[in-house]
*Asks:* 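Supplied in structure tokens, the structure appears directly below.
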Amino acid sequence: MAEQVILPAFPAPLRRLGARAAPTVEGEDALTLTAGPGTDLFADPGGPDRFANAPALVSRLPGDLTLSARVTLDLAATYDAGVLLVHAGDDAWAKLCVELSPQRRPTIVSVVTRGVSDDANGFTVESGDVWLRVARIGAAYAFHASTDGRFWHLVRYFALDPGAEIGFLAQSPTGPGATVRFTGITVTRRTLTDLRGGT
């Protein structure tokens with residue numbers, strides 16, 4: 001199995017993290033990533049549990065930028081999720097997810113990990129079909145989500161290593177697995193100046 005994945009819309013090869021899943025590249029700007037059962041990336045702040053076996057693809061891109069994608073999956077089991085990932089190391093990373101909550105509601109969720117993870121619910125959505133975006137602005141990152149691909153809601157603004165890798169992740173901590181499709185993948189070299197204006 002090749003160690004790197006080439007996606008034409010992404011300006012650098014993507015390397016694998018976590019479980020050894022086989023992603024499928026579709027055309028210029030789409031890929032599918034399947035998580036097996038019991039897969040997650042989380043360091044419980046209230047206990048010893050640590051999980052780092054969810055399949056991911058990441059790459060190091062310098063400078064200010066945005067990464068966006070339409071994220072689609074069938075949310076069958078609690079915490080099934082499609083994720084955009086910022087990865088600065090084994091103990092420093094952040095996730096922006098569309099995830100199935102324990103109340104069986106598709107929910108925008110963000111997690112920032114510095115040694116241990118936090119876990120913050122954003123807002124509920126109608127289905128596991130949303131647009132997610134990561135923006136890097138110097139040493140800061142912004143997470144946005146959109147239900148229509150046009151208006152972007154700010155979910156999280158935080159600091160992490162400006163040299164962190166970015167990419168994609170699928171998880172299924174409590175279920176038999178989940179297949180996530182990322183489409184319309186776009187990397188734009190720009191500095192996002194208005195974090196709360198919806199653009």
Side-chain angles (χ1 to χ4, degrees), residues 1-3 5 7 10 14-26 30-59 67-87 89-113 116-134 143 145 147 155-156 165-185:
M1 184 182 297
E3 288 301 316
V5 174
L7 177 68
F10 204 93
L14 291 150
R15 73 178 185 97
R16 301 167 191 269
L17 289 176
R20 300 278 298 173
T24 301
V25 174
E26 305 165 20
L31 67 85
T32 299
L33 192 57
T34 299
T39 49
D40 200 1
L41 179 61
F42 192 72
D44 192 334
D49 292 340
R50 301 179 70 87
F51 305 93
N53 62 344
L57 297 171
V58 295
S59 187
L67 165 65
S68 61
R70 185 174 185 174
V71 181
T72 308
L73 74 158
D74 292 328
L75 293 166
T78 301
Y79 307 129
D80 279 1
V83 180
L84 293 187
L85 175 65
V86 178
H87 188 266
D90 292 345
D91 295 313
W93 46 264
K95 299 191 299 187
L96 174 62
C97 320
V98 54
E99 179 178 289
L100 189 66
S101 75
Q103 293 74 40
R104 311 293 299 173
R105 294 297 306 274
T107 304
I108 302 300
V109 175
S110 63
V111 178
V112 177
T113 298
V116 296
S117 301
D118 67 20
D119 194 353
N121 282 7
F123 56 94
T124 59
V125 291
E126 293 301 315
S127 70
D129 184 3
V130 299
W131 286 259
L132 301 179
R133 185 176 72 188
V134 174
F143 282 164
T147 57
V155 177
R156 194 76 175 260
E165 297 170 290
I166 60 172
F168 314 91
L169 180 143
Q171 67 180 49
S172 185
T174 68
T179 296
V180 183
R181 190 160 187 255
F182 302 89
T183 58
I185 295 168

*Asks:* Specify the closest pair of heavy atoms between S110 and D118, including all atoms of both residues, with the distance to one decimal.
*Replies:*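 Closest approach of S110 to D118, heavy atoms only: O-OD1, 4.3 Å.
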
*Asks:* Output the distance between atom CG (L33) and atom CG (L169), rounded to the nearest 0.5 Å.
*Replies:*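 Reported to 0.5 Å precision, the distance equals 7.0 Å.
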
*Asks:* With distance as the sole test, does S117 use its side chain to make a donor-acceptor pair with the main-chain N or O of A43 at under 3.5 Å?
*Replies:*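 Here the side-chain-to-backbone pair exists.
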
*Asks:* Heavy atoms only: give me the nearest P106-L75 pair and the separation to one decimal.
*Replies:*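 Nearest pair, atom of P106 first, then L75: CB-CD1, 3.6 Å.
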
*Asks:* Could you check if a side-chain atom of F168 sits within less than 4.5 angstrom of a side-chain atom of I185, using non-hydrogen atoms only?
*Replies:*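 Of all side-chain heavy-atom pairs linking I185 with F168, at least one is under 4.5 Å.
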
*Asks:* Say you draw a straight line from OG of S59 to CD1 of I166; how long is it, rounded to the nearest 0.5 Å?
*Replies:*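 Between atom OG of S59 and atom CD1 of I166 there are 8.0 Å.
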
*Asks:* How long is the gap from CG on D129 to OG1 on T183, to the nearest 0.5 Å?
*Replies:*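 Interatomic distance, D129 CG to T183 OG1, rounded to 0.5 Å: 7.5 Å.
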
*Asks:* Are any of the side-chain heavy atoms of V58 and R16 separated by less than 4.5 Å?
*Replies:*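 The answer is no, as the side chains (C-beta and beyond) never meet within the 4.5 Å cut-off.
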
*Asks:* For F123 and V155, work out which heavy atoms get closest and say how close.
*Replies:*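 The answer is CE2-CG2, 4.3 Å.
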
*Asks:* Just how far is it from atom CZ of R105 to atom CD of E99, taken to the nearest 0.5 Å?
*Replies:*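 Nearest 0.5 Å value for the CZ-CD distance: 14.0 Å.
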
*Asks:* Looking at every non-hydrogen atom in both residues, tell me the closest pair between R156 and A120 and how far apart they are.
*Replies:*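 Looking at all heavy atoms of both residues, the shortest contact is NH1-CB, 3.9 Å.
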
*Asks:* In plain terms, say whether D90 and R50 are close enough for a salt bridge, that is, a side-chain N and a carboxylate O under 4.0 Å apart.
*Replies:*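 So D90 does not pair with R50 through a salt bridge.
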
*Asks:* Is there a donor-acceptor contact under 3.5 Å from the side chain of S172 to the main chain of G177?
*Replies:*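 Yes: the side chain of S172 pairs with the backbone of G177.
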
*Asks:* Roughly how far apart are S101 OG and D80 CG, rounded to 0.5 Å?
*Replies:*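 Nearest 0.5 Å value for the OG-CG distance: 11.5 Å.
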
*Asks:* Are any non-hydrogen side-chain atoms of V130 and I108 less than 4.5 angstrom apart?
*Replies:*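 SC-SC contact between V130 and I108 confirmed.
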
*Asks:* So, does T107 use its side chain to make a donor-acceptor pair with the main chain of V109 at under 3.5 Å?
*Replies:*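 A pair under 3.5 Å: no.
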
*Asks:* When rounded to the nearest 0.5 angstrom, what is the spacing between CG in L57 and CZ in F182?
*Replies:*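 The CG atom of L57 sits 8.5 Å away from the CZ atom of F182.
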
*Asks:* Check step by step if side chain to side chain contact (heavy atoms under 4.5 Å, CB included) holds for L85 and L41.
*Replies:* CA-CA 10 Å; L85 175 65; L41 179 61; 3.8 Å; yes

*Asks:* Kindly indicate, with the supporting measurements, whether the criterion side chain to side chain contact (heavy atoms under 4.5 Å, CB included) is fulfilled by L84 and F143.
*Replies:* CA-CA 9 Å; L84 293 187; F143 282 164; 5.9 Å; no

*Asks:* Search all heavy atoms of Y79 against all heavy atoms of T174 and return the closest pair with its distance.
*Replies:*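 What the structure gives for the nearest pair is CD1-CG2, 4.0 Å.
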
*Asks:* Is any side-chain heavy atom of F10 closer than 4.5 Å to a side-chain heavy atom of L31?
*Replies:*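 Heavy-atom side-chain distance check fails, nothing below 4.5 Å.
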
*Asks:* With a 4.5 Å limit on heavy-atom distance, are the side chains of V111 and W93 in contact?
*Replies:*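 Heavy-atom side-chain distance check passes, below 4.5 Å.
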
*Asks:* Which pair of heavy atoms, one from A178 and one from A170, lies closest together, and at what distance?
*Replies:*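 Distance-wise, the nearest heavy atoms are O-CB, 4.4 Å.
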
*Asks:* Could you walk me through whether E26 and T32 satisfy the side-chain hydrogen bond (donor to acceptor under 3.5 Å, both in side chains) test, starting with their C-alpha distance in whole Å, then the side-chain angles of each, then the deciding distance to 0.1 Å, before giving a yes or no?
*Replies:* CA-CA 8 Å; E26 305 165 20; T32 299; 2.5 Å; yes

